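First comes the structure, then the notes that go with it.
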Amino acid sequence: MVSYIRSLRTEGKTLDEAIVEGAMTRLRPILMIALVASLGFLPMALNTGILSSTLLTLIVLPGLYRMAWRETTLGEPA
């Protein structure tokens with residue numbers, strides 16, 4: 001995008017015109033790349049293994065950590 005804005009400036013466009021035209025010209029390709037990447041990741045995100053590992057990380061792991069580090073009267077690990 002920066003090189004395109006620079007080329008628009010060398011063609012005589014003002015800075016604001018070059019920035020707006022450069023951003024508008026590059027908007028669709030950038031959005032298409034982001035959409036394709038998101039849609040490509042979707043099957044992996046909905047995979048059972050990914051969901052179960054996320055649940056394990058968010059729910060089970062903190063519980064195991066708490067069980068492993070029960071405080072004694074001195075505040076040290078059991």
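Both backbone and side-chain heavy atoms feed into the values below; hydrogens, waters and symmetry mates do not. For this chain, numbers begin at 1 and follow the sequence in order. It should be emphasised that the depicted structure is a prediction, and the values quoted were computed from it without experimental measurement.
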Please name all residues satisfying side chain to side chain contact (heavy atoms under 4.5 Å, CB included) with V60, sequence neighbours left out, ordered by chain then number.
L56, L64

Donor-acceptor pair, side chain of T10 and main chain of S7, under 3.5 angstrom
yes

Identify the two heavy atoms, one from L8 and one from A18, that lie closest to each other, and give their separation to 0.1 Å.
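So the two residues come closest at CD1-O, 3.6 Å.
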
Which ILVMFWY residues are connected to L27, directly or by a chain of links, through side-chain heavy atoms under 4.5 Å apart?
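Direct or chained contacts put L27 with L31.
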
If you group Ile, Leu, Val, Met, Phe, Trp and Tyr whenever their side-chain heavy atoms sit less than 4.5 Å apart, what else falls in with M1?
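Grouped by the 4.5 Å side-chain rule, I5, L15, I19, I30 form the rest of the cluster around M1.
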
Taking salt bridge (Lys or Arg N to Asp or Glu O under 4.0 Å) as the cut-off, I'd like each qualifying pair that reaches into residues 5-27, sequence neighbours left out, listed once.
K13-E21

